[in-house]
There are 2 protein chains.
Amino acid sequence: MTKQFSSYKNPSLAVDLVVFGYHQRELSVLLLNRKDEPFKNGWTLPGGFLQMEESLLEVCSRILKTKLGIDKLYLEQLYTFDEPDRDPRGRVISVAHYALINPRQLAVVAGSMANDVQWFPVNALPRLGFDHKRIFGQSLQRLKSKILYHPVGFELLNDTFTITELHDLYETILGIEIDRRNFRRKILDSEYIIATGAKREGLKNRHPDLYRFNKHLKQNNFQLNIPS
Amino acid sequence: MTKQFSSYKNPSLAVDLVVFGYHQRELSVLLLNRKDEPFKNGWTLPGGFLQMEESLLEVCSRILKTKLGIDKLYLEQLYTFDEPDRDPRGRVISVAHYALINPRQLAVVAGSMANDVQWFPVNALPRLGFDHKRIFGQSLQRLKSKILYHPVGFELLNDTFTITELHDLYETILGIEIDRRNFRRKILDSEYIIATGAKREGLKNRHPDLYRFNKHLKQNNFQLNIPS
DNA sequence: TTTACTTTGCGTCATAATAACGCAAACTAA
DNA sequence: TTAGTTTGCGTTATTATGACGCAAAGTAAA
């Protein structure tokens with residue numbers, strides 16, 4: 001244990017963040033290239049230590065703001081990881097969270113991104129430091145199962161979107177093929193997305209085909225029942 | 001903030017436990033009557049602080065062993081609660097877990113139970129100290145949803161049980177009526193429970209009607225799909 | 001503009017899953 | 001012995017689902 005931790009009587013508390021972004025049928029995660037030991041020059045999830053008087057969500061916001069310049073996004077606590085040897089510097093317990101950012105925010109991030117920050121497709125991750133591979137895996141697992149019973153996938157899309165975009169998102173995240181017409185029927189029958197009345201740029205005769213999430217429905221009835 | 005915490009640079013880490021027991025169509029939770037301030041003489045969930053070098057599950061085991069004299073049981077991490085004012089003594093972050101104990105263990109507990117420990121039916125809880133009402137509520141919520149897609153309810157029953165007992169358990173936990181015959185068909189079709197070949201004491205001509213959980217099936221396919 | 005190709009919205013149909021409920025044999029208690 | 005309850009096993013109508021057809025709308029190249 002290094003000097004940094006020797007004065008603590010409790011384990012240190014940290015948060016780690018799995019930030020998901022989606023673009024053109026690709027789900028990606030944001031990783032950080034470490035400048036310091038341990039895992040110097042290696043990739044890890046962004047994270048940070050909890051200060052006294054700071055809530056977990058505040059730490060998350062602080063990290064996201066500092067590293068990405070982003071304010072509001074979908075954020076959810078995932079799990080608390082406490083293996084005694086998960087951090088070579090000493091006992092650090094990490095409350096992992098995952099975040100979903102939409103295309104607009106993704107663009108902001110891309111514009112101002114430091115060169116130690118990088119997007120990686122979830123299917124092509126580099127080796128990760130600490131126990132971050134496990135944390136990432138569990139996040140992806142959660143995301144996969146959650147989109148089936150909670151309309152959380154919408155957070156990865158623009159405010160308005162086409163059904164095809166939503167369909168592609170689901171296929172990408174779940175990694176399976178979903179019949180386009182059955183998906184359409186299910187999602188429209190549920191009334192969780194509704195037409196905006198608008199049509200895509202350039203379209204002339206087609207019915208309205210831009211949709212948005214219906215915020216007036218209780219989100220807890222959402223149920224897609226797509227086999228995994 | 002009291003002296004006890006003033007030397008820490010990090011928030012303290014604790015665990016709180018929601019211990020569920022089931023008996024005769026009643027789901028109960030184990031509560032502790034506090035001897036000390038804060039909430040002296042009030043009821044709270046059992047809990048304890050994390051020592052350096054101790055894992056979260058170890059703390060849970062330690063508490064359960066000390067307070068209840070019980071060793072092995074179903075234990076699952078629930079959520080980490082971090083509201084800065086959740087503990088009047090100072091900043092304490094609690095990783096809540098919930099546990100399920102079976103009738104045999106419940107009997108052991110009942111036999112050796114200190115008078116500061118008591119079972120309360122989940123529908124008749126006393127006022128709880130700290131933010132424990134919220135923790136309890138979230139545990140019950142989790143239990144309710146989890147038994148629908150994971151065979152976790154079995155942990156509250158004996159090794160062998162009748163379908164009726166299982167049916168009653170589900171009705172009790174979910175707080176709804178479930179058609180006996182449809183429940184039977186679903187649970188038997190799924191093959192998650194199988195006949196033991198034995199019959200209940202005293203029965204003569206009836207088919208085997210004692211069942212046990214089928215451990216040979218992958219538990220992740222369990223799906224009951226009962227409307228809530 | 002014509003032509004060939006792709007995308008999208010809407011519909012059909014066979015099958016599976018589900019909810020509601022009937023019934024008689026096994027069991028229990030008076 | 002009798003009356004009432006519990007339990008196992010069915011049936012049926014309705015709904016949900018998966019698989020797929022098809023034509024209008026849209027796109028891109030000649």
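Naming convention: chains lettered A, B, ... in sequence-line order (proteins, then strands); numbering from 1 in each chain. Values below: all heavy atoms of this structure, side chains included; hydrogens, waters and symmetry mates excluded.
- Going from atom CD of B:Glu177 over to atom P of C:dC21 covers 12 Å, rounded to whole Å.
- The nearest whole Å value for the distance from the CG atom in A:Leu210 to the C1' atom in C:dG9 is 15 Å.
- Checked against the 6.0 Å centroid criterion, the rings of A:Phe183 and A:Tyr170 qualify as a close aromatic pair.
- Between its opening and closing five pairs, the helix from C:dT1-D:dA30 to C:dA30-D:dT1 changes axis direction by 30°, a value rounded to 10 degrees.
- Regarding A:Ile163, its CD1 atom lies at a distance of 13 Å from the C1' atom of C:dT7, rounded to whole Å.
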Collect all protein-nucleotide pairs involving nucleotides 4-7 of chain D in which both atoms are nitrogen or oxygen and the distance is under 3.5 Å.
residue: D:dT7; atom: OP2; partner: B:Thr164; partner atom: OG1; Å: 3.4

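- In this structure, A:Asp168 pairs ionically with A:Arg25, as a charged nitrogen and a carboxylate oxygen lie closer than 4.0 Å.
- The nearest whole Å value for the distance from the CG atom in A:Leu166 to the P atom in C:dG9 is 12 Å.
- Taking the six-membered ring for Trp and the full ring otherwise, the centers of B:Phe39 and B:Phe130 sit less than 6.0 Å from each other.
- As a whole-Å value, the separation of B:Gln223 CD from D:dT17 P is 12 Å.
- Between the P atom of D:dC9 and the CD1 atom of B:Ile187 lies a distance of 15 Å, rounded to the nearest Å.
- To the nearest 0.5 angstrom, B:Cys60 atom SG is 15.5 Å from B:Lys65 atom NZ.
- Scanning atom types as modelled, one donor and one acceptor separated by under 3.5 angstrom connect the side chain of A:Asn182 and the base of D:dA19.
- Every residue two or more places apart in sequence or in another chain that forms a salt bridge (Lys or Arg N to Asp or Glu O under 4.0 Å) with A:Glu83 is listed here: A:Arg134.
- Nearest heavy-atom pair across B:Asp179 and B:His167 is C-NE2, 4.2 Å.
- Between A:Arg86 and A:Asp131 there is a salt bridge, since at least one side-chain N of the basic residue sits less than 4.0 Å from a carboxylate O of the acidic one.
- Of the charged side-chain nitrogens involved, none lies within less than 4.0 Å of a carboxylate oxygen, so that B:Arg212 and B:Asp159 do not count as a salt-bridged pair.
- A donor-acceptor contact under 3.5 Å is formed by the side chain of A:Arg181 with the base of D:dG21.
- Here D:dG18 presents its P atom at 10 Å from CD1 of A:Ile178, a figure rounded to the nearest Å.
- Considering only side-chain N and O atoms, A:Lys199 lies nowhere under 4.0 angstrom from the phosphate OP1 or OP2 of D:dA25.
- Between the CG atom of A:Asn225 and the P atom of D:dT15 there is a distance of 18 Å, given to the nearest Å.
- Aromatic ring centres of A:Phe161 and A:Phe154: separated by under 6.0 Å.
- Two residues, B:Leu203 and B:Leu224, neighbour DNA chain C, and the one matched to the more 5' nucleotide by heavy-atom proximity is B:Leu224.
- Nearest-nucleotide assignment on DNA chain C puts the 5′-proximal partner with B:Arg185, out of B:Arg185 and B:Asp179.
- The residue among A:Gly202 and A:Lys186 whose nearest nucleotide of DNA chain D lies closer to the 5′ end is A:Lys186.
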